[in-house]
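Sequence lines set the chain letters: A, B, ... in the order given, protein chains first and strands last, and positions in each chain run from 1.
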Protein chains: 2
Amino acid sequence: MAQTVKAVAELAGVSVRTLHHYDAIGLVRPGGRTEGGYRVYSQRDLERLQQVLFFKELGLGLEEIKEVLDRPGFDRRQALLDHRDLLSRRRDRLGRLIAAVERTLQSMEEGVPMEGNVMFDGFSAAEYEEEVRQRWGETAAYKESRERTKDYTAGDWDAVFTEQTAILQAIAALADRPADDPAVLAEIGRMHRFISERFYACPPQMYRGLGDLAVADERFKRTYEKLRPGLSQFMRQAVHAYCDKLEAEE
Amino acid sequence: MAQTVKAVAELAGVSVRTLHHYDAIGLVRPGGRTEGGYRVYSQRDLERLQQVLFFKELGLGLEEIKEVLDRPGFDRRQALLDHRDLLSRRRDRLGRLIAAVERTLQSMEEGVPMEGNVMFDGFSAAEYEEEVRQRWGETAAYKESRERTKDYTAGDWDAVFTEQTAILQAIAALADRPADDPAVLAEIGRMHRFISERFYACPPQMYRGLGDLAVADERFKRTYEKLRPGLSQFMRQAVHAYCDKLEAEE
DNA sequence: ACTACACCCTGACGTTGCGTGAGGGTCAAG
DNA sequence: CTTGACCCTCACGCAACGTCAGGGTGTAGT
């Protein structure tokens, strides 16, 4: 039940140093210590370690894994279900790699050089990784936003806050009109540009997702509802109307 | 046919920086440059890159990959055949991982905590990696030997050489006796200790492998045969006899 | 009671495989 | 002749440990 570092290391197939490291960065902390200062791992710690290794297998960084696991709403069951999916997609990827090897062998036997695009079929793991992030945390957009805002001064943040509330109040004032009213769309567009300039590149598809969050995410929803009841629903519809129009124009 | 960095990068799903890096360490060098100094990749370079990515997928380090690919006898066809094997074993590993996820889910539903050894089934990639190395190059023993000998002075090497030839000549002088003659076994044992002290820990099973190399590897074989015809076969038998006895004693 | 030996601890520096600018040329299109 | 998309070479940065060094712990054998 209570295990020493070495026992855990062998069990999980990682090095003792790795466990030390995970302890140091607070990713997997042993439940306790003996008087001698030895780490003691409990069953709960083992479960946590297992989770960590699952996420690592999917290519997430340790810092990210920590955030995901420590997030209050983390649902271990759901995570495992997702993992099963993602892992089987990876297995498919290996299948494609194997196929690539076989094609290469064949082209060698026939003496025909392969075409470039076929040669590298199946390698790219990057696409899978962004998908994992979409589901679990640090999307590329989030990273970009953090990057762009890291040097903002207090004054910058003030400006951001002022403009944001101004836009929201303007929209709140228009919330009795239809969602695709030109005045509404104008404000929604203003918000779109605001985000793109200040935080991250935001293509229509992503802006739609953001609109959905207005009703799906409690934090957004509450902000909007406090400003005016029903505003979150209205925002969502307006954003979609705006994106429809934007895409129609192309 | 002739491609720029970016084109190759996109084709292979790696970054431009990665290609720069591979060029810098001499792993994948573009066949030529334009007058402007731009890298130009040929079909041959693409094939090399593909090989590199295959080996990387198997977990080899870049330095190791370089050595393997640059080894004179490198057989691309055989390498690809092996890759196919190893990749499908990895796919199996993913299968076991998926099974582990499913078992975990089930134990959650039943509320029974899992046993440690089952929890981490399927993770360990290390075993696969040593296997890859067995096949392709830098075994753990080789690494240890390099480590231990890196500070040898010229005098040390001299001593090594002297002792080694002394042992070999003693064995050559005994090669008309049966392979399990006590005097022969004594010399074989001396050689065993010599290796263990000077180069790497060498359990019987490995020493047997070394004995097999005496006939299987051209370089060893030639050294022995030059000393006395038939010596390589004799060495092999004697080493096995020695290991038999060693294991019987336990 | 002593000592050998396997195991544990905490620093702290090293390594691999690129990421990420900085600073500056190249070249086809308009 | 000027953009804009690419290209180049340094050079520093970073994650996830590996690998000592220096020293304590615990228990089995004598």
Taking the side chain as every heavy atom from C-beta outward, state whether A:I65 and A:K56 have any pair of such atoms under 4.5 Å apart. yes
Look at the side-chain N and O atoms of A:K56 and state whether any lies under 4.0 Å from the OP1 or OP2 oxygen of D:dC17. yes
Of A:T4 and B:L62, the one whose closest nucleotide on DNA chain C sits nearer the 5' end is A:T4
Given side chains that start at C-beta, do those of B:Y38 and B:R33 come closer than 4.5 Å, heavy atoms only? no
What are the residues of residues 21-40 of chain A, sorted by number, that bring a heavy atom to within less than 4.0 Å of DNA chain D? A:H21, A:Y22, A:G36, A:Y38
Distance in angstrom units between B:L60 CG and C:dG17 P, rounded: 10 Å
Is the shortest side-chain N/O distance from A:S15 to OP1 or OP2 of D:dC17 below 4.0 Å? no
Any base atoms under 4.0 Å from A:V5, or only sugar-phosphate, or nothing? Heavy atoms, all strands. sugar-phosphate
Just so I know, are the side chains of B:M191 and B:V239 near enough to count as touching, which here means a heavy-atom distance under 4.5 Å? no
A:K6 NZ to C:dC5 P: how many Å, rounded? 16 Å
Would you say the side chain of A:R48 lies within less than 4.5 Å of the side chain of A:Q51, judging by non-hydrogen atoms? no
Strictly below 4.0 Å, N to O, side chains only: are B:D45 and B:R39 in salt-bridge contact? no
With respect to the phosphate group of D:dC17, does any side-chain polar atom (N or O) of A:H20 fall under 4.0 Å of OP1 or OP2? no
Walking DNA chain C from its 5' end, the first of A:R17 and A:A7 to be reached, judged by nearest nucleotide, is A:A7
Once you round to the nearest 0.5 Å, how far does OG1 of A:T4 lie from CD of A:E10? 8.5 Å
Spacing between A:L19 atom CG and C:dC7 atom P, to the nearest angstrom: 15 Å
